[in-house]
> 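Got a structure for you, questions after.
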Amino acid sequence: RDSSDAYLRPSQGVNLYWGRFRLSLHPMEWSPRSLLIASTFTAAAIGTLVYLRRSAQQHEKALAALKAAPKRRPPKRQPQEPQKHSLGQVALPKSEFYPKPPANEADPILTLSPEELEALSKYPHALQYKLSDEQLQALDEDGYLIIRKLIPDDLCDKMLKEIDERATKLFKTNSTDLDSDSSQNIFLDIWHNQAYYDIRQNLDLYSIFCQLLKRHDLTAAIDRVCFLPQSQRQFPPDVDKVNLMCDTSFWHASSTRFQCMISVTEQTSETMQVLAGAHKIEEIQSYRTKYMNGDFGESANLMGVDWRSQHHYRDAKLQAEYSDRLKLSKGDIVIWNTRLPYALLPDSNGKSGKAAVMCFASYRPAQGTQEDGDFRRNIA
């Protein structure tokens with residue numbers, strides 16, 4: 001290389017530089033070890049240069065061959081063969097994500113047989129609040145049941161006070177600070193208040209679920225609180241424009257569950273909308289067929305449905321014809337089948353500026369299925 005890196009001076013020998021390291025080789029001091037080191041450095045340098053040059057040549061050849069090759073179109077996708085779905089003569093491609101509905105779907109029998117009554121009568125408070133035949137028939141046909149003044153007013157006031165204190169501390173809001181023009185419902189997960197325990201242990205509420213589930217060993221929970229802000233305008237204008245949802249997926253409708261909502265405050269307008277009768281298995285099967293046939297538009301098939309849990313209802317025609325709107329007072333409860341489509345609405349006619357407050361309750365068998373076990377772990 002040039003004189004700054006390596007140079008030969010006959011009288012002084014050779015100086016080889018590698019960065020800041022120098023190897024001096026003098027004619028009279030060239031030992032075998034020095035010659036070996038020099039030859040190793042030289043061979044390594046020459047080998048590296050040869051390898052880099054060959055790699056560059058191979059890369060140039062491959063790039064030239066790629067540019068010269070004709071462009072190929074991807075093969076045309078073959079249509080998949082349709083298959084028959086268990087719901088009827090509905091042709092679905094194999095790539096569809098609709099799960100197969102269970103074969104044991106059936107509407108529950110809510111009336112208690114003499115044997116079931118005798119079995120429940122052995123346990124304290126299981127039949128304390130006896131549901132009438134008319135109440136059971138309404139729950140069976142409509143999918144929901146309102147029971148007036150089941151929870152005492154003083155317990156509702158205690159519940160509201162504790163909710164406001166906890167919401168102020170955790171979420172910086174409460175039932176009196178909400179925007180009166182808000183049309184959004186606010187759900188809060190608040191646990192471990194004394195009023196929660198008192199309502200959970202209400203013997204009448206426990207008795208009702210004992211009769212609906214036909215067993216005495218139940219696990220109780222109130223999972224969340226809902227604030228329904230008062231709006232100065234009617235919201236929403238039409239019943240078919242409300243987004244209804246179901247707590248049980250229509251593709252997993254074999255099990256029967258019941259949900260309860262307790263009104264902690266007085267409501268001045270209808271704050272809950274339900275689609276009466278839509279919980280029936282016959283209606284659900286008809287809805288699934290229309291859903292998979294695309295009767296509700298292409299967007300319904302792309303909505304990202306969680307088939308294992310909730311489902312958003314899509315049949316606006318039935319929704320406009322069969323929807324009921326419910327108005328609750330302090331201490332009232334509404335119980336509904338979890339397959340029933342429903343929605344919560346803002347308290348639209350109130351002038352006090354306070355939100356309507358509800359809390360939710362649910363009971364499950366203490367010894368039940370894997371789903372019941374998951375439920376107990378979640379609430380724990």
Side-chain angles (χ1 to χ4, degrees), residues 101-148 150-151 155 191-192 195-224 246-262 274 279-281 284 308-310 332-340 342 359-380:
N104 58 341
E105 292 180 330
D107 292 317
I109 300 176
L110 300 182
T111 56
L112 294 172
S113 65
E115 293 78 12
E116 292 169 338
L117 282 172
E118 182 181 0
L120 287 178
S121 64
K122 298 177 182 180
Y123 301 97
H125 313 295
L127 297 176
Q128 176 166 314
Y129 185 97
K130 186 66 173 66
L131 292 171
S132 65
D133 294 338
E134 292 76 13
Q135 289 175 318
L136 292 175
Q137 182 179 0
L139 182 58
D140 178 62
E141 293 179 355
D142 298 331
Y144 70 94
L145 173 66
I146 298 177
I147 301 178
R148 302 292 183 182
L150 187 75
I151 306 300
L155 184 53
W191 301 81
H192 309 306
Y196 275 91
Y197 299 130
D198 295 340
I199 292 181
R200 277 199 312 209
Q201 299 176 51
N202 182 277
L203 297 179
D204 291 338
L205 191 61
Y206 164 76
S207 174
I208 291 172
F209 276 87
C210 282
Q211 297 169 68
L212 295 179
L213 299 179
K214 300 183 179 182
R215 57 193 306 165
H216 73 284
D217 52 336
L218 303 178
T219 297
I222 297 180
D223 51 4
R224 58 173 46 186
C246 305
D247 291 326
T248 296
S249 169
F250 278 180
W251 275 259
H252 290 82
S254 58
S255 60
T256 300
R257 309 292 184 196
F258 294 95
Q259 181 81 7
C260 172
M261 185 177 70
I262 304 163
V274 296
H279 67 293
K280 291 288 190 179
I281 291 298
I284 291 176
R308 297 169 297 176
S309 57
Q310 298 178 345
D332 293 349
I333 72 168
V334 55
I335 302 174
W336 68 93
N337 191 312
T338 56
R339 297 195 299 247
L340 184 73
Y342 75 98
C359 61
F360 292 83
S362 180
Y363 289 76
R364 297 286 182 93
Q367 301 294 332
T369 62
Q370 177 66 34
E371 182 182 357
D372 297 323
D374 295 340
F375 172 81
R376 291 194 299 272
R377 282 190 290 274
N378 289 336
I379 66 172

> E116 and Q211: side-chain contact (heavy atoms from CB on, under 4.5 Å), yes or no, with the steps?
CA-CA 9 Å; E116 292 169 338; Q211 297 169 68; over 6 Å; no
> Looking at L150 and L205, what are the two nearest heavy atoms and their distance?
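Taking every non-hydrogen atom into account, CD2-CD1, 4.1 Å.
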> Do K214 and I109 come close enough that some side-chain heavy atom pair is under 4.5 Å?
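K214 reaches I109 side chain to side chain.
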> Test your reading of the model: is there a side-chain donor-acceptor pair from D107 to the backbone of I281, 3.5 Å cut-off?
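Yes, the answer is positive, given that a donor and an acceptor are paired below the 3.5 Å cut-off.
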> Taking the side chain as every heavy atom from C-beta outward, state whether Q259 and T248 have any pair of such atoms under 4.5 Å apart.
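Side chain of Q259 against side chain of T248, heavy atoms only: no contact under 4.5 Å found.
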> Is there a side-chain contact between L131 and L110 (heavy atoms, below 4.5 Å)?
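Heavy-atom side-chain distance check fails, nothing below 4.5 Å.
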> What is the minimum heavy-atom distance between L340 and G143, and which atoms define it?
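The answer is CD2-O, 3.6 Å.
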> Just by distance, do the side chain of Y363 and the backbone of R200 share a donor-acceptor pair under 3.5 Å?
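At least one qualifying donor-acceptor pair exists.
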> Hey, are the side chains of L212 and L136 touching, using non-hydrogen atoms and a 4.5 Å cut-off?
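Counting from C-beta outward, L212 and L136 do come under 4.5 Å.
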> Rounded to the nearest 0.5 Å, what separates atom CE in M261 from atom CG in D332?
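One finds 10.0 Å between CE of M261 and CG of D332.
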> Closest approach of I335 and L139, non-hydrogen atoms and distance?
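Smallest interatomic distance, heavy atoms only, reads O-CD1, 3.8 Å.
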> Are any of the side-chain heavy atoms of R257 and D247 separated by less than 4.5 Å?
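No, every pair of side-chain atoms sits at 4.5 Å or beyond.
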> How close do F250 and I284 get, counting heavy atoms only, and between which atoms?
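Heavy atoms only, the tightest pair is O-CG2, 3.7 Å.
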> Please step through side-chain contact (heavy atoms from CB on, under 4.5 Å) for the pair I208 and I333, ending with a clear verdict.
CA-CA 11 Å; I208 291 172; I333 72 168; 4.3 Å; yes
> Sub-3.5 Å donor-acceptor pair from the side chain of S207 to the main-chain atoms of D204, do we have one?
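No, because the side chain of S207 does not come within donor-acceptor range (under 3.5 Å) of the backbone of D204.
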> Would you say CG of L203 has more than 12 non-hydrogen atoms from neighbouring residues, nucleotides or ligands within 6.0 angstrom?
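Counting other residues, nucleotides and ligands, CG of L203 exceeds 12 neighbours.
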> Between V274 and V334, is any pair of side-chain heavy atoms under 4.5 Å apart?
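No - every pair of side-chain heavy atoms lies 4.5 Å or more apart.
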> Does any N or O in the side chain of H279 come within less than 3.5 Å of the main-chain N or O of D140, such that one atom is a donor and the other an acceptor?
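Looks like yes, one N/O pair under 3.5 Å.
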> Would you say that L218 contacts C210 through its side chain, given a criterion of any heavy-atom pair below 4.5 Å between the two side chains?
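A side-chain contact under 4.5 Å exists here.
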> Testing the basics here: between F258 and S362, what is the closest heavy-atom pair and its distance to 0.1 Å?
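That closest heavy-atom pairing would be O-OG, 3.8 Å.
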> Which value, rounded to the nearest 0.5 Å, describes the distance between R339 atom CZ and K280 atom NZ?
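Taking CZ in R339 and NZ in K280, the distance rounds to 8.5 Å.
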> Supply the atom-to-atom distance N202 CG to I151 CD1, rounded to the nearest 0.5 angstrom.
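So the gap between those two atoms works out to 4.0 Å.
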> I need the minimum non-hydrogen distance between C359 and I199, along with the two atoms involved.
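Nearest pair, atom of C359 first, then I199: SG-CD1, 4.4 Å.
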> Is there a side-chain contact between Q135 and I147, using heavy atoms and a 4.5 Å cut-off?
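In short, these two side chains touch, coming nearer than 4.5 Å.
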> Mind checking ring pair (Phe, Tyr, Trp, His ring centres under 6.0 Å) for Y123 and listing every partner two or more places apart, or none if nothing turns up?
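H216.
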> If I take atom CH2 from residue W336 and atom SG from residue C260, how far apart are they, to the nearest 0.5 angstrom?
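Output value for this atom pair is 7.0 Å.
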